[in-house]
Amino acid sequence: MDAAVERAMDVFWSRGYHATALPDLLRATRLSRGSLYAAFGDKHSLFLRALDRYIADALARMDVEFDPRNDPVEGLQAYLAGYVERTSGSNGRRGCLLVATAMELAGGDADVGRRVAGFFKAMEAKVTDALSRAKAAGRLADGVEPATAARVLVCFVEGLRVVGKTAPAWTTSQAAVDALIGRFVR
């Protein structure tokens, strides 16, 4: 089941929800129509499972980057470096399943809207925690409030995902990160 969800996630990520047809999912998951319906119910339920998988993977990655046993500024740098890698050059062209889903479905699909909003809230909380730890360690610039800076950083990295569709050079994305993070940390 995990492999089928992973393969379905790749199809939805590449094509979008509405452009993904049942035959696309059957080919990708290697399931028959009956097996797919028995396992997942319908296309929307499979999509939600794929989206949940994508969100869980992203949150797990952030847990590693923001491990409280590590220096919070280094965690922020690792978090941002990951976004630079995922949004630069050909890596960026793939885009972000979550951003694409937010644009395509979140305004009209309550299940999707809750998941997208929940992810952004969880991401913001993780960044806020790291910035709070950096502040306690005397590593934040004067006047930086962790929750506000976290909101700016979340908006920034999601913006990187959108701009990444144009395949900017790694140096361009990294320069933007350096300019922003330089405003927040010492």
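Keep in mind that this is a model prediction, so the values were computed, not measured.
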When clusters are formed by joining ILVMFWY residues with side-chain heavy atoms under 4.5 Å apart, either directly or through shared neighbours, do [X] and [Y] land in the same one?
X	Y	result
Y37	F12	yes
V152	V73	yes
V99	M123	no
L48	L36	yes
M62	L180	yes

- Task: Applying side chain to side chain contact (heavy atoms under 4.5 Å, CB included) between V177 and each of V157, L160, T87, report the one that passes.
- Result: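 In the set V157, L160, T87, the residue that makes a side chain to side chain contact (heavy atoms under 4.5 Å, CB included) with V177 is L160.
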- Item | Option from T101, L59, L97, V5 for which side chain to side chain contact (heavy atoms under 4.5 Å, CB included) with Y54 holds |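 The option that passes is L97.
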Whether [X] side chain and [Y] backbone form a donor-acceptor pair below 3.5 Å:
X	Y	result
R139	V185	no
R15	A21	no
S173	W170	no

Determine the minimum heavy-atom distance between [X] and [Y], stating which atoms define it.
X	Y	result
G95	K165	CA-CD, 3.6 Å
A78	E65	O-OE2, 3.8 Å
L131	P146	CD1-O, 3.5 Å
A149	V144	CB-CG1, 3.7 Å
D111	D109	N-OD1, 3.1 Å

For the residue pair [X] and [Y], establish whether any side-chain heavy-atom pair is separated by less than 4.5 Å.
X	Y	answer
R33	L22	yes
V162	M103	no
F120	L98	yes
R27	D24	yes
L105	F47	yes
E104	V112	no

[atom1]/[X] to [atom2]/[Y] distance, rounded to the nearest 0.5 angstrom?
X	Y	atom1	atom2	value
D2	R7	CG	CZ	10.5 Å
E124	L153	CD	CG	10.0 Å
L46	L51	CG	CG	11.0 Å
T29	F40	OG1	CZ	7.0 Å
D178	Q174	CG	CD	4.5 Å
K121	R151	NZ	CZ	10.5 Å

- D129/R133 salt bridge by N-O under 4.0 Å criterion: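 Salt bridge flag = yes for D129 with R133.
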- Query: Parallel under 30°, tilted from 30 to 60°, perpendicular over 60°: which one fits the rings of Y83 and Y79?
  - Reply: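 Rings of Y83 and Y79: perpendicular, over 60°.
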- Trace of the side-chain hydrogen bond (donor to acceptor under 3.5 Å, both in side chains) decision for S45 with D42: CA-CA 5 Å; S45 296; D42 59 12; 2.8 Å; yes
- Do we get K43 above Y17's six-membered ring, with its NZ or CZ under 6.0 Å from the centre and within 45° of the axis?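 Yes, K43 sits over the ring of Y17.
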- Task: Provide the full list of salt bridge (charged side-chain N to carboxylate O under 4.0 Å, His left out) pairs with a residue in residues 78-94, sequence neighbours left out, each pair given once.
- Result: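 Passing the test, one end in residues 78-94: D10-R94.
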